[in-house]
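So you know, we letter chains A, B, ... as the sequences are listed, proteins then strands, and number each from 1.
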Amino acid sequence: MPDTFVKIASVTVGSGGASSIDFTSIPSTYTDLVVKVSGRATYAGTTGTLYVALNGSSGTSIALMGTGSGVPSASYSGIYGRDLSAATSTANTFGSADIYIPNYAGSNYKSLSLDTTSENNATAIYQSLVAGLWSNTAAVTSVNLTTDGNFAQYSTAVLYGIKNS
Amino acid sequence: MLNTLAGIIASSGGGVSTSYESIATVTVGAGGSSSVSFTSIPSTYTHLQLRVLAQYNDTGAGFGSMSLQFNSDTGNNYTRHDLIGDGSSASATGSGTASNTSANIGRFYFTPSSSIFGVAVVDILDYANTNKYKTVRALGGTDANGSGEVRLNSSVWVNTAAISTITIPASTYNLKQYSQIALYGLKG
Amino acid sequence: MASTYTPIATHTFNGSTSDIEFTSIPSTYTDIVAVLNGRGAYAAGTVLIQSYLNNDFTTVYSMTTLRGNGSSASSARSTGFSGLPLGYIPGANATSGMFGTIIAHFQNYSNSTTFKTALSRGNNTDGQTAAVDATVGLYRSTSAITRIGFATYGVGNLVSGSTVTIYGVKSA
């Protein structure tokens, strides 16, 4: 029985932070990719956007958001997870994100599904359901994550591969 | 008539390497249960996931909140944030720790007699990381054939301790027989 | 260690059909997770994907959904459906090459005591009729699910290269 849901790689951000988290040389032997992010941005605000690029290039997305009081929906010229926690949110608090990329090595455009939340000891945060699109038929060989400012120390990301047979 | 795929290619088997493992499962028996607990959760995984099927028992019919407490912490140490679709409109709510003694993971149907159970998938990333407060993210809902809601819930437990116990505390209602909460660990 | 997350079956569409059904689903798992990545051939911006359980086409399905279209949020409810709506994927009028993704969880599918509830996420970024949604659906039958079908709602095939895979998740 082949490995079905398997960790491919993980990153933990060290002291000093990191400008990006990059998974490169992703093998084409899985069917879908899952990235789980526990992250905090160094941006001087309560939330920071999680930006997702594939093979170094961005895509587009639409998001449905909850802000703790309102429910905006927006379109973006990038793949945006709205949001992670950031520098002025409650200390030690990290946002949580799941990114699902089916058929990442196939020859069609790549569709992404993201569920994200920042958190804060306050009413206002950002939660989001996001549909992303990478308009490229190439196989995904790298997943590139950035945020507003840098990723703070202790941010983590784990890349999993899921195999359909 | 749908086109049929002949053959099923896999069955559960042994000897595989996987990052996604089952830790424990609680199935509510006859008579129901006021609370559910997972104890002695090993710290050897990176992330936890709960997969929930539940219904509450009550004389009327409606929806009741399900929540989690960690490491027996019953204090005002949890935030709550909800993104809600109730079948007619979308809305969002939020509150800080002063208002909450548990993390909200959704609302489930309560009824004296029904086969309608709600569901949730709950993710707790870096649950054993002692540099972080613990963020809970839950997607779930109940459709009751003319009522119901779907939600994205999130909370943070303002404690850096590794999570070793997860409790669904007693509430106004009891969990009904056949409710099931399964705990999984993901290696990272 | 026995596998917790196992592929049960997968299908790749060749463009000549609008649906596929997985049959003889073993009862040995706890949940089924379905992942559909596809595009509809119907001349519209989006195509709704529905699921049919146990070959049941009677009006025993209902759903509640939460949706964002890139400019506003909404929620809706439907009852008396003859299939379980899971979400939208791009149709023929969407930007060329665009595919959408639906992830659906059929929790405790093999018990014979509860109605069956499914939780799905739909993702379609087509500029004209984009939608990201979360849907909870109800199949009012206590029968164990042994058959799951996926189909476009109404008209049109799924284009060649569209895929759907079902996985079994097994609890301890």
How long is the straight-line distance from [atom2] of [Y] back to [atom1] of [X], given to the nearest 0.5 Å?
| X | Y | atom1 | atom2 | answer |
| --- | --- | --- | --- | --- |
| B:Trp157 | A:Thr93 | CH2 | OG1 | 13.0 Å |
| B:Asp123 | A:Asp115 | CG | CG | 8.5 Å |
| B:Leu83 | A:Ser128 | CG | OG | 9.0 Å |
| A:Ser89 | B:Tyr133 | OG | OH | 11.0 Å |
| B:Thr79 | A:Ile125 | OG1 | CD1 | 7.0 Å |
| A:Lys36 | B:Leu125 | NZ | CG | 6.0 Å |

Problem - Any donor-acceptor N/O pair, B:Ser19 side chain to A:Lys7 backbone, under 3.5 Å - result: yes

Which atoms of [X] are under 4.5 Å from chain B, going by heavy atoms: the side chain, the backbone, both sets, or neither?
| X | value |
| --- | --- |
| A:Phe94 | both |
| A:Ala97 | backbone |
| A:Ser155 | backbone |
| A:Ala91 | backbone |
| A:Ser85 | neither |
| A:Leu159 | neither |
| A:Asn120 | backbone |

Quick check for you: among [options], which has the greatest number of heavy-atom pairs under 4.5 Å with chain A?
| options | result |
| --- | --- |
| B:His47, B:Lys187, B:His81 | B:His81 |
| B:Thr160, B:Asp82, B:Thr46 | B:Asp82 |
| B:Gly96, B:Ser91, B:Ala92 | B:Ala92 |

Exercise for the section: For chain B, find which of A:Asn92, A:Thr67, A:Leu129 contributes the most heavy-atom pairs closer than 4.5 angstrom. Expected result: A:Asn92

Completion exercise
Most heavy-atom pairs under 4.5 Å with chain B, out of A:Ala9, A:Ser10, A:Ala122, belong to A:Ala122

I'd like to know if the side chain of [X] pairs up with that of [Y] as donor and acceptor (distance under 3.5 Å, no hydrogens or angles considered).
| X | Y | result |
| --- | --- | --- |
| A:Asn121 | B:Thr97 | yes |
| B:Ser154 | A:Glu119 | yes |
| A:Ser96 | B:Arg137 | yes |
| A:Thr156 | B:Asp126 | yes |

Fill in the blank from the handout: Honestly, the part of B:Asn131 sitting under 4.5 Å from a heavy atom of chain A is both

Practice task
Go through the atoms of B:Asn100 and report whether side chain, backbone, both or neither lie under 4.5 Å from a heavy atom of chain A.
Solution key: neither

Problem - B:Tyr178, OH atom: more than 12 neighbouring heavy atoms under 6.0 Å - result: no

Handout entry: Greater than 12 external heavy atoms within 6.0 Å of A:Tyr30's OH
Key = yes

Practice task
Could you tell me whether the side chain of A:Val158 reaches within less than 4.5 Å of the side chain of B:Leu186, counting heavy atoms only?
Solution key: no

Problem - Heavy-atom check, side chain of B:Thr135 versus side chain of A:Thr117, under 4.5 Å - result: yes

